[in-house]
Structures are given as C-alpha cells and as structure tokens.
Amino acid sequence: MELVIGAILIILIIFVSGYIIKKKFYKEIDRLESWKIEIMNRPVIDELGKVKQLNMTGETEEMFERWRKNWDDIVAVELPDIEDHLFDSEEFTDKYRFKLAKESNQKIEAILTNIDAKIDKILGELNELIGSEESNRAEMEELSAEHKKIKKTLLIQRHTYGTSIDALEKKLDSLSEQFVVYNDLTANGDYLKAREVVIMLKDEIQTLTEKIEKIPDLITEVNIIPSQLNEIEEGYKEMIDQGFILDHLNMDKELEELRKSLEISTDLLVKTEVKEVESGIYEQKEKIDLLYELLEKEVHEKHFIIKNREETKNQLERIKESNEQIKEEVNFVQQSYQLLDGELNTPYSLEKQLTKLTKRFEVLETKITEDHSAFTILGADLREIREGIEKLNQDQHDFSLHLQNLRKDELEARDKLTELRRKTNEATRLITKSNIPGLPDDYKQLMDDVNKHIQDVFKSLNEKPLNIKVIQDFLQNAIEAVDVFYNKSVEMIETVVLVEKVIQYGNRYRARNRNLAEGLQRAEEYFRSYDYYSALEEAASAIEGVEQGALKQIEEMITKEEI
C-alpha cells in the first residue's frame, strides 16, 4: 500500500512540475508572438510613403528600393519563418520536449532581434533623409538671404574694403557656385549630400560675414600705424638733436621690425586672413605704445633731473651742516650725561653715509655734464641718492631727538623720585597715626629696602655725568619697592584693626567658652609679638567656632564705621 501511495505521489509531482514548466514555456511563446506582431505593426510602410513624395531620382531612388526590398524580405520570408518556429515551439512544449522548445525559442528571439535592428536602421535612414530635406529647405532660405545681404554690402561699400575686395568677391562667387551644387543635388534626389553642402555653406557664410564686419576697421588700423611709426621716428630724431642719449632703445631696429610686421599684416589683409591680422596689429600697437612710453620717460626724467639736481646738492650741504651741529651737541651733552659707545659713534656713522652720498652725487653730476648716459639711468641714480638723503635726514632727526630727551628723562626721574618719597612718607605717617603696637621684622626689612632703592636713585641723579640708563633701572626698582611697601602698610593697618575688633567681639563669649578663651589668648600673644597675621588667623578661627559668619559681620561693621 505504501509503495502505491509513493508512486502516486511521484506521478503527481511529475505532473505538477510538467504543468508549471509548460506554462512557463507558453508564456515565453506568447511574448515572442507579441514581439512578432509589434514588428509587423511598425510604421515602415508609412515612412516609405513619405519618401515617395520626394524627388525619386538618383540617391533617393536607390535608397528607397533598398529599404523596400529589405522590408519585403522581412514580411515575405523572415516573419513566416518565425511563424513556423513558433508552431514548432508549441508542439515541443505540448509533448514535454522542453530542451527542443528552448532551442526553438532562442532561434526565434535571435531572428526577431535581427529584424528589429534592420527596421531601426531603415527608419533611422528614412528619418535622416526626410529630416535632411526639411532642414535643407529651411536653412537654405536663410543662407540665401545672408548671401544676398553680403553681396549687397560688397557692392555698396566696395571702397571700404581696399585691396581685400578681390578676395572677398572671389569667395562670394565660390559660395554662389555651392548654391548651384545644392540645387543640382536636390534635383537629383541626393538630399544627404545636399545636407553636407548646407553645413559647409553655413560655416563659410558665417566666416565671410565676420570678415566683412572686421576688415574696414582693420584697414583703418593698418593705415594709422605708418603715421604713428613716422611720428615716433621724428620724435626720436628731435630728441637726439636735443642731446638725449637713446642708444639703449635700439629705436632704428625696433622701427624696422615694426614696418616689416606691418607689411606682413597688409599682405594677410589682402588675403582676408582676419585672425592673423588682428593678432599682428595687437602686437604692433602694444610695441608702439611701449616706444612712446620709453621716449616720454626720457623726457620726464630729464625734467626730473633739471628740477631736483640743484636742490639735491643743497640738501647735502644742509645735512653736512646738521651733522656738525650734532657733533657739537654730543660734546655738550657729554658734559652732563654718559653716552654709550654706539651713541658716541653715531655722528661719525652719519658722516660716513653723507660722504658716500656726496661722492655718488659728484659722479652723477659728471655723467650729466658729459652727456654720455640716458636720462632714465641718471634719473634712477638721482632718485636713489635722494632716498638716501631722506633716510639720513631721518636718522639725524632721531638722534638729535634722543639727545634732547636725555634732559627730559632726567627731569622725569627727579619728579618721580619726589613722588616716591612722598608716597613713602605717606605710608609711614599712616603707620604712626594708626598707633600700631610695634612693627614686624619683615616690615622693617621692607622699609630698609625702600630707603636703599630711593637712595640709589638719589645718588645716581647726583653723579656727573649722569647715566640715564642706570638712573632708569634704579628708578624702576624703587617704584616697585615703594608700591609693595605702601600696600603692605595699608594692609597691616587694616589687619591690626580687624584683629582688635575680633578679640573685642569674642570677649562676650570668653567666660562661657573655654576653647574660645584659649584661642583668643593665643591671638593676643601673637599680637603682642607683632605677628598680626597669625593673630588674625587664630582669633578668626576661635570666633567662627562659636558664631558662624561672625568675621564677615565684623568686616562689614568696620567698613560702615570708615564711611
């Protein structure tokens, strides 16, 4: 029984599997059938009908016959062949011969793919031909209008194109011939070749239009440049006659090269080589502007030399006089102030710089007198000398100001010393007035240091000659010491007052709190030995142990009393 059931199950599985596979193959056959119908419905016939409306001669007729033959082969041979293969696939599938059915389907797909490619090619060539005919007709109308416009321009404005007119008219005639070629190709049905002519005409007419627009301006430029070159040459010769040295400009060679370049541009203009002419003229104009600039610079530099030569000489004399005054000033200042080696050598360093500038100026004057150098070179030398004079002037001014400031620094130091003494006395007066029981040893040492620093400043101010650098160093040390001393005095007075107030405040708890009494006792001992900071720390700790925040209240109370 089990064997029977197992056999039935196997048969059932085979049957179901076969049914599923057959359904899959039928679905593939249906897809291929739909593809075949889609190919048959593609608009090849409609597109061929459009071609019949064109001039069916020459290339068009040959292409039409080829397309029609290809389509007839597809319809009469290849599609029926597909029908046979579809029938075979169905038969193989019905008989469960799936391998053969698969092979048949693959053949059908290959044929359909090939047919699709052929139809795509036919339709592509059809569209290209029809599109070319339509595009040609529309664009040729515009090109014909442009051609007539160019012809009219050359006829009316012939004189504005000079020697270029022959090449322009020759090109125009060549374009006219291409219009005839286009018409012949179109008449013979060679629309694709006619399209090539249209594209060529479009480029050529655009290029010719640009040339017609630019050539009149280029002719004007070419005609102006010779007069500019003559003007430069005349100006150059006049400047030579006036004594200018211009050998470094190589003017004759530059003008010769420019004239050769202009001849080349003129020949190119006859050939209507517009881009090359534009490039050449641009370079020539740049060179001409440079030559003008160089000549103008020579004139400008001559005027600069004439204007500043004598003034520069006078400036050197004034600097020499100033330097002598500085030497005298240094000798005078030395009697009252000590000068460093660098400061003592400054007048001689300035004198050395002055000597160099003076020699450079003498050499420059010799060159100017001999008339063997270009004014641009002489002018550059003169500018450098004047820059050196300006720097030397500034150095002299700075050094003189430094010497004058020595007296100012001395007076400021004396004023500051008086202020430090006043501040020290003020701190001492505050200590005396506060009735402090005694002074701690560190405070006494601080007072000794202050007196020593002040004495150092005093002694340095009474030396002859004065050393301002030493005075300022001593003064800075004294300022720092006095500031520390004054702040320490105020701080100590405030600490003493606070200790007294804290002990007085704590006395109210003294009899009732033994720890507090002991703390205040230690604080009083510190106080009597002039250790006020330890006394405050001990008293504050004792009272805060009894009444939290008491110290802050006492400080606020003291502040109110001072107000």
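Residue numbers run from 1 in the order of the sequence given.
Of the possible polar contacts, one joining the Gln284 side chain to the Gly280 backbone as a donor-acceptor pair under 3.5 Å is found. No side-chain donor-acceptor contact under 3.5 Å links Ser227 to the backbone of Asn223. Checked by atom type and distance alone, the side chain of Ser349 never pairs as donor or acceptor with a backbone atom of Asn345 at under 3.5 Å.
Ion pairing between Lys237 and Asp241 fails under the 4.0 Å rule for side-chain N and carboxylate O. Salt bridge absent: Lys367 and Glu362 never bring a charged side-chain N and a carboxylate O closer than 4.0 Å. Between Lys469 and Asp473, at least one side-chain N (NZ, or NE/NH1/NH2) sits under 4.0 Å from a carboxylate O, which counts as a salt bridge.
The distance from the CG atom of Asp289 to the CD atom of Glu296 is 9.5 Å, given to the nearest 0.5 Å. Atom OG1 of residue Thr312 and atom CD of residue Glu317 lie 12.5 Å apart, to the nearest 0.5 angstrom. Here the CD1 atom belonging to Ile319 is positioned 6.0 Å from the CG atom belonging to Leu354, to the nearest 0.5 angstrom. Taking CD from Glu310 and CD1 from Ile305, the interatomic distance works out to 14.0 Å, rounded to the nearest 0.5 Å. The line from CD1 of Ile389 to CZ of Arg318 is 9.0 Å long, rounded to the nearest 0.5 Å. Summarising the geometry, atom CZ belonging to Arg386 is positioned 10.0 Å from atom CG belonging to Leu316; distances are rounded to the nearest 0.5 Å.
Screening residues 350-361 for side chain to side chain donor-acceptor pair (under 3.5 Å) gives Lys327-Glu351, Arg360-Glu384 as the qualifying pairs, with residues at least two apart or on separate chains. Each salt bridge (Lys or Arg N to Asp or Glu O under 4.0 Å) pair with one or both residues in residues 261-280, not counting sequence neighbours, appears once here: Lys214-Glu278. Sorted by first and then second residue, the salt bridge (Lys or Arg N to Asp or Glu O under 4.0 Å) pairs with a member in residues 242-262 read Glu233-Arg259, Glu254-Lys287, Glu256-Lys260; sequence neighbours excluded. A ring-ring contact (aromatic ring centres under 6.0 Å, His included) check over residues 201-247, counting only residues at least two apart or in different chains, returns the pairs Phe244-Phe375.
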**OP:** Report the C-alpha separation of Glu298 and Leu246 in whole Å, then their side-chain angles, then the decisive distance to 0.1 Å, and conclude whether the side chain to side chain contact (heavy atoms under 4.5 Å, CB included) test is met.
**Re:** CA-CA 8 Å; Glu298 288 292 335; Leu246 303 175; 3.6 Å; yes
**OP:** Take Leu294 and Leu290, measure what side chain to side chain contact (heavy atoms under 4.5 Å, CB included) needs, and give me the verdict at the end.
**Re:** CA-CA 6 Å; Leu294 292 173; Leu290 177 60; 4.2 Å; yes
**OP:** I would like to know whether Glu321 and Gln325 meet side chain to side chain donor-acceptor pair (under 3.5 Å); could you show each step before the answer?
**Re:** CA-CA 6 Å; Glu321 293 172 3; Gln325 292 174 3; 5.7 Å; no
**OP:** Take Leu382 and Phe361 through the side chain to side chain contact (heavy atoms under 4.5 Å, CB included) test and state the conclusion after the steps.
**Re:** CA-CA 8 Å; Leu382 183 57; Phe361 183 72; 4.2 Å; yes
**OP:** Begin with the C-alpha distance, continue with both residues' side-chain angles, and end with the deciding distance and a verdict on side chain to side chain contact (heavy atoms under 4.5 Å, CB included) for Ser373 and Leu378.
**Re:** CA-CA 7 Å; Ser373 301; Leu378 299 175; 3.7 Å; yes
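By the 4.5 Å heavy-atom criterion applied to side chains, Arg383 and Asn308 are not counted as neighbours. Residues Asp409 and Gln472 are in side-chain contact: their nearest non-hydrogen atoms beyond the backbone lie under 4.5 Å apart. Between Leu249 and Leu295 there is a side-chain heavy-atom pair separated by less than 4.5 Å.
The shortest heavy-atom contact between Gln396 and Leu350 is CG-CD1, 3.8 Å. Taking each heavy atom of Leu475 and Ala413 in turn, the nearest pair found is CD2-CA, 3.9 Å. The heavy-atom pair separating Leu258 from Leu229 by the smallest distance is CD1-CD2, 3.6 Å. Taking both residues in full, the closest heavy atoms of Gly162 and Ile219 are given as N-CD1, 3.9 Å, listed atom of the first, atom of the second, then distance. Nearest heavy atoms, Leu262 versus Pro226: CD2-CG, 3.5 Å.
Between Gln242 and Glu238, the side chains place no donor N or O within less than 3.5 Å of an acceptor N or O (distance only, hydrogens not considered). Between Glu234 and Asn230, the side chains place no donor N or O within less than 3.5 Å of an acceptor N or O (distance only, hydrogens not considered). In this structure, a donor-acceptor pair under 3.5 Å is absent between the side chains of Glu283 and Ser261. Side chains of Glu301 and Thr376: no donor on one and acceptor on the other come within 3.5 Å.
Put simply, the residue from Gln228, Lys297, Glu231 that forms a side-chain hydrogen bond (donor to acceptor under 3.5 Å, both in side chains) with Tyr292 is Glu231. Residue Gln394 is tested with Lys391, His397, Glu390 for a side chain to side chain contact (heavy atoms under 4.5 Å, CB included); the sole match is His397.
Under the side-chain contact (heavy atoms from CB on, under 4.5 Å) criterion, Val470 pairs with Asn467, Phe474, not counting sequence neighbours. Checked against ring pair (Phe, Tyr, Trp, His ring centres under 6.0 Å), Phe304 has no partners two or more places apart in sequence or in another chain.
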